[in-house]
Amino acid sequence: MRLTDTHSHLYDEAFDADRAEVLERALQSGVERLLLPAIDSESHAALHALCREHPECCVPMMGLHPTSVNENPRWREELLLVEEYLRMPPIGLTPYCAVGEIGLDFYWSTEYCEEQIEAFRTQCRWAAELDLPVAIHTRAAWDAMCSIIEEECAAARARGQRLRGLFHAYSEGAEVYERLRKTGEWLFGIGGVVTYKKSIVAEAVKAMRLEEIVLETDCPYLTPVPHRGQRNEPSYVVHTCNKVAELLCVTPEEVAEQTSRNVERMFFRER
Ligand SMILES: [Zn+2]
């Protein structure tokens, strides 16, 4: 079985003590590739260092996280740094596979929603211009997200470009899924939450086409059952794979194979 963890914060300090062992366990479980989202300049060095150390399996993204816009008077400078990296990627680094993670997070505060929206739209436009997919974080903001995606997809098409990518940690039901998939070419990142009791994501997954699903951990967060309560790690993506297989009445091998193909198609096809 070959798997990709499409959203992994393995460079996070939560793994400072045993990062090599965690990565070894991932490879042993069949997780052959990790896509690593950026957050902001505080963690760029750690992200880049890990990807330089393991170019065979660790692939970086570049983007400004919505919660790093909140209460940050320097967020526009952060955004310019992201643009610089995207337009002139560091020499010797595996190319960025996506603009991410970017998005909207109104969970902690709505005080900065205008700023978050501006940062998000700006990064969507860079992604469309550079023909890179986006990796989108959405929390307590799904309605605004749907409207903006509809607008930005249409605007990209009008410019002769396309906006496409991944909704990381998809956490809504079938209705939002149907609304989003109509706007263009999207994948839906399913994580540990799908293994929790009474998860609405589980209901949404039943409505999804396997061709639109990818697997993720969002480690060190959102740990799947049976490890819930502990630190999450990339090897646990296996549990999410098994749960998705159960929901779609197919084998885990089929889920692994098709989700790997989906990753190739979105993030690694010839550009
Ligand atoms: Zn993340």
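Just follow the structure's listing: the first ligand is 1, and inside any ligand the first atom is 1. Numbers here simply count residues along the sequence, with the first being 1. Bear in mind the structure is a predicted one, so any value in this text is a computation, not a measurement.
With no hydrogens or angles considered, a side-chain donor-acceptor pair links D5 and T217 at under 3.5 Å. Residues R25 and Q28 have side chains that never bring a donor and an acceptor to within less than 3.5 angstrom of each other. For Y170 and H168, the side-chain atoms include no donor-acceptor pair closer than 3.5 Å. A donor-acceptor pair shorter than 3.5 Å can be found between the side chains of S41 and E78.
The number of protein N, O or S atoms lying under 2.8 Å from the Zn ion (ligand 1) is 3.
Between E118 and R76 there is a salt bridge, with a side-chain nitrogen of the basic residue lying less than 4.0 Å from a carboxylate oxygen of the acidic one.
For the pair K243 and E246, the minimum side-chain heavy-atom distance is below 4.5 Å.
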